[in-house]
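Since the structure comes first, as structure tokens, the remarks are kept for the end.
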Amino acid sequence: MTDTFDAGEFTLRKVREHVWEIPQEGEMRVPARILASEALLEEISDDKTLQQLRNTTHLPGIHRHALCMPDGHQGYGFPVGGVAGIDAENGCISPGAVGYDINCGVRMMKTDLTYDDVRGHEEELVEALFEAVPSGLGGGGIVEGGNAVEEALERGVDWALEEGWAVESDLTHCEDEGRRPDADPSAVSQKAKDRGRNQVGSLGSGNHFLEVQRVTDVFDGAIGDAYGLSEDQIVVLIHCGSRGLGHQVCNDYLREIEKTHEGLLSQLPDRELAAAPAGSQLAEEYYGAMCACINFAWVNRQLIMHRTREVFADVFDRPWEEMGMDLLYDVAHNIAKKEVHEVGVDAEGRPVADADAVDRVERELYVHRKGATRAFPAGRPEVPEAYRDVGQPVIIPGSMGAGSYVLCGGTDSMDLTFGSTAHGAGRLMSRTKAKQEYWGGDVQDDLRTQEVYVKAQSGATIAEEAPGVYKDVDEVVRVSDELGIGSKVARTFPVCNIKG
DNA sequence: ATGTCC
């Protein structure tokens with residue numbers, strides 16, 4: 001009768017198309033849900049993703065259900081692609097459910113150029129971008145010295161604007177206008193600040209990149225117009241985070257929380273889920289430090305974007321102000337944020353699964369999104385004014401061989417996913433496996449036959465990021481679109497890509 | 001992801 005999916009240790013119950021549930025049992029406080037097609041489930045069930053998702057339901061104060069997005073895979077304690085809405089008054093906050101790379105995210109900058117304008121300049125452009133934008137492991141940033149780190153942590157893109165690295169419209173087209181007011185730089189250790197010292201304005205390594213792309217398809221003309229996207233247009237995608245600084249902050253607080261909140265930790269099935277109880281000093285400090293890292297990462301992407309404008313001005317021999325180089329949007333996909341959501345509660349007002357709720361109330365939650373993107377629909381006050389009538393842009397990077405998507409926050413995201421959707425294609429194989437399967441130079445040559453120009457600090461990075469190591473981004477986006485959590489607006493394909 | 005192990 002009931003549709004099920006056999007995922008080894010787990011038998012998933014089909015709630016409806018693309019919605020699968022691990023029923024609540026034992027110490028689980030709520031059920032867990034995976035949003036995926038059967039094809040994507042086959043890939044998810046190979047690793048520890050489902051165990052980690054179930055473990056998440058043990059966190060005190062978790063509301064409704066723990067969620068895994070269609071691109072989910074195993075992470076540190078909590079799946080990449082995981083979403084958990086946890087009570088901000090009676091629950092907890094968990095650094096492992098935010099991720100090591102705090103405010104890892106993506107921004108897209110538009111241009112007025114078309115693909116024809118760029119044809120023949122790809123080699124020059126990729127070389128110039130590679131030269132101008134610091135990348136790779138370790139040091140070297142666009143801005144070094146002074147108190148750039150402290151300013152970035154405290155004031156975010158406001159500081160970049162003051163320093164001439166931004167224009168006003170960059171702020172109005174960034175989440176929170178590029179500044180988290182809850183940031184507390186004093187909660188960031190000296191060691192973390194020192195690691196960030198020479199990384200302000202740097203891409204980093206791994207899956208981080210800067211890509212010049214062309215828009216190949218616009219699926220929704222009206223929203224495409226609202227976003228200013230059209231076919232053959234050149235856009236720039238920047239994917240990076242808070243570098244060693246955010247990594248250090250995550251590590252610092254995991255260790256502190258493990259020491260201080262041993263009692264809570266002993267109730268959890270995995271040490272990697274270590275969490276600070278809401279209202280505790282460490283919860284406040286971690287939240288303040290994390291918000292400061294969010295500001296740092298926004299400044300990081302802002303500086304890289306502004307430097308890209310200067311490179312385009314140089315290569316195309318025109319002032320960048322005349323090339324329509326405006327920020328479309330910047331999305332954070334590793335973050336925990338206080339947001340108000342409608343949730344079900346029992347007779348005592350405690351969090352419960354929807355099926356057991358006797359009332360629905362608005363609560364302030366720490367919405368943990370790790371490898372998941374906020375996807376708020378039209379009307380939410382957090383959506384910038386420019387997009388409030390249509391819904392926020394959601395940027396989903398795919399791979400160098402498949403391209404990327406722009407979606408629009410879907411009307412069903414508030415009901416289904418605490419206003420969230422996927423963040424990328426999701427890895428299919430480990431970095432180690434990728435280096436056995438591919439050689440960087442060959443991948444580069446293959447991509448060149450598709451008119452994609454790639455340049456990296458290390459050939460190993462190209463191998464690790466070969467198109468074949470990623471899931472089918474079309475399938476991930478199809479599921480998001482059909483669920484109504486993030487709807488297809490446009491698709492892009494790479495022209496030039498630089499990476500660490 | 002990450003001064004790819006303090």
Side-chain angles (χ1 to χ4, degrees), chain A residues 47-49 52 71-82 94-107 134-141 144 149 188-210 238-256 258-259 272 289-290 293-294 296-298 300-301 304 331-336 368-373 397 399 422-436 440 456-465 469-470 498-500:
Chain A
D47 58 24
K48 285 163 68 183
T49 312
Q52 292 185 332
D71 55 335
H73 58 90
Q74 179 182 323
Y76 178 91
F78 185 88
V80 175
S94 172
V98 171
Y100 270 90
D101 192 2
I102 297 167
N103 192 5
C104 183
V106 203
R107 67 166 55 192
S135 65
L137 277 170
E144 293 182 10
V149 171
V188 176
S189 69
Q190 192 56 48
K191 190 176 179 183
K193 288 173 184 165
D194 288 342
R195 284 183 71 172
R197 195 74 57 203
N198 58 357
Q199 299 184 328
V200 186
S202 65
L203 271 180
S205 185
N207 64 355
H208 291 163
F209 62 83
L210 182 154
I238 295 162
H239 179 206
C240 61
S242 52
R243 303 294 326 278
L245 183 145
H247 189 273
Q248 188 64 44
V249 165
C250 180
N251 210 351
D252 288 343
Y253 280 95
L254 279 169
R255 301 293 89 84
E256 282 299 314
E258 283 171 356
K259 274 191 289 183
E272 295 182 355
M290 181 196 54
C293 293
I294 292 170
F296 182 89
W298 275 331
N300 194 19
R301 292 196 283 275
I304 292 168
V331 296
H333 55 225
N334 277 17
I335 201 166
H368 297 66
R369 296 188 183 92
K370 175 161 106 174
T373 313
S399 73
H423 85 306
R427 287 194 83 83
L428 267 179
M429 67 176 84
S430 70
R431 296 186 173 278
T432 314
K433 178 90 187 299
K435 279 179 282 197
Q436 292 162 3
Q457 297 285 352
S458 151
T461 306
I462 300 180
E464 288 171 9
E465 296 301 314
V469 315
Y470 283 102
I498 64 162
K499 57 176 74 266

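FYI, side chains are in, hydrogens and waters are out, and symmetry mates aren't considered; it's all heavy atoms of this structure. Just so we're on the same page: letters track the sequence lines, and every chain starts at 1.
A donor-acceptor distance shorter than 3.5 angstrom exists from the side chain of A/His423 to the backbone of A/Gly371, with no hydrogens or angles considered.
Taking side-chain N and O atoms only, A/Gln199 has no distance below 4.0 Å to OP1 or OP2 of B/dT2. Taking 4.0 angstrom as the limit, A/Arg431 places none of its side-chain polar atoms (N or O) nearer than this to OP1 or OP2 of B/dT4. In this model, the phosphate group of B/dG3 is not approached by any side-chain N or O of A/Arg197 to a distance below 4.0 Å at OP1 or OP2.
Residue A/Arg195 contributes atom CZ, which lies 9 Å from atom P of B/dT2 at whole-angstrom precision. Distance CD (A/Glu464) to P (B/dT4): 14 Å, rounded to an integer number of Å. Between A/Lys433 atom NZ and B/dT4 atom C1' the separation is 20 Å, expressed in whole Å. Residue A/Arg255 contributes atom CZ, which lies 11 Å from atom P of B/dC6 at whole-angstrom precision. A/Leu203 has its CG atom 17 Å from the C1' atom of B/dG3, to the nearest Å. In this structure, A/Lys499 places its NZ atom 17 Å from C1' of B/dT4, rounding to the nearest Å. Protein atom NE2 of A/His247 is 9 Å distant from nucleotide atom P of B/dC6, rounded to whole Å. Straight-line distance from the CG atom of A/Leu137 to the P atom of B/dC5: 11 Å, rounded to whole Å.
Within the 4.0 angstrom heavy-atom criterion, base atoms lie near A/Lys191. Counting any heavy atom pair closer than 4.0 Å across all strands shown, A/Gly241 reaches no nucleic acid atom. Looking at heavy-atom distances under 4.0 Å, A/Ser205 makes contact with sugar-phosphate atoms alone, never a base.
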Where do A/Thr461 and A/Phe209 land on the side chain to side chain contact (heavy atoms under 4.5 Å, CB included) test, with the steps shown first? CA-CA 11 Å; A/Thr461 306; A/Phe209 62 83; over 6 Å; no
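Here the side chains of A/Tyr470 and A/Glu465 are in contact, with some heavy-atom distance below 4.5 Å.
Between A/Glu144 and A/Arg197, no side-chain nitrogen of the basic residue sits less than 4.0 Å from a carboxylate oxygen of the acidic one, so the salt-bridge criterion is not met.
Comparing A/His208 and A/Asn251, the nucleotide of DNA chain B nearest to each residue sits closer to the 5' end for A/His208.
Distance check, rounded to the nearest 0.5 Å: CD1 of A/Ile462 to NZ of A/Lys499 gives 7.5 Å.
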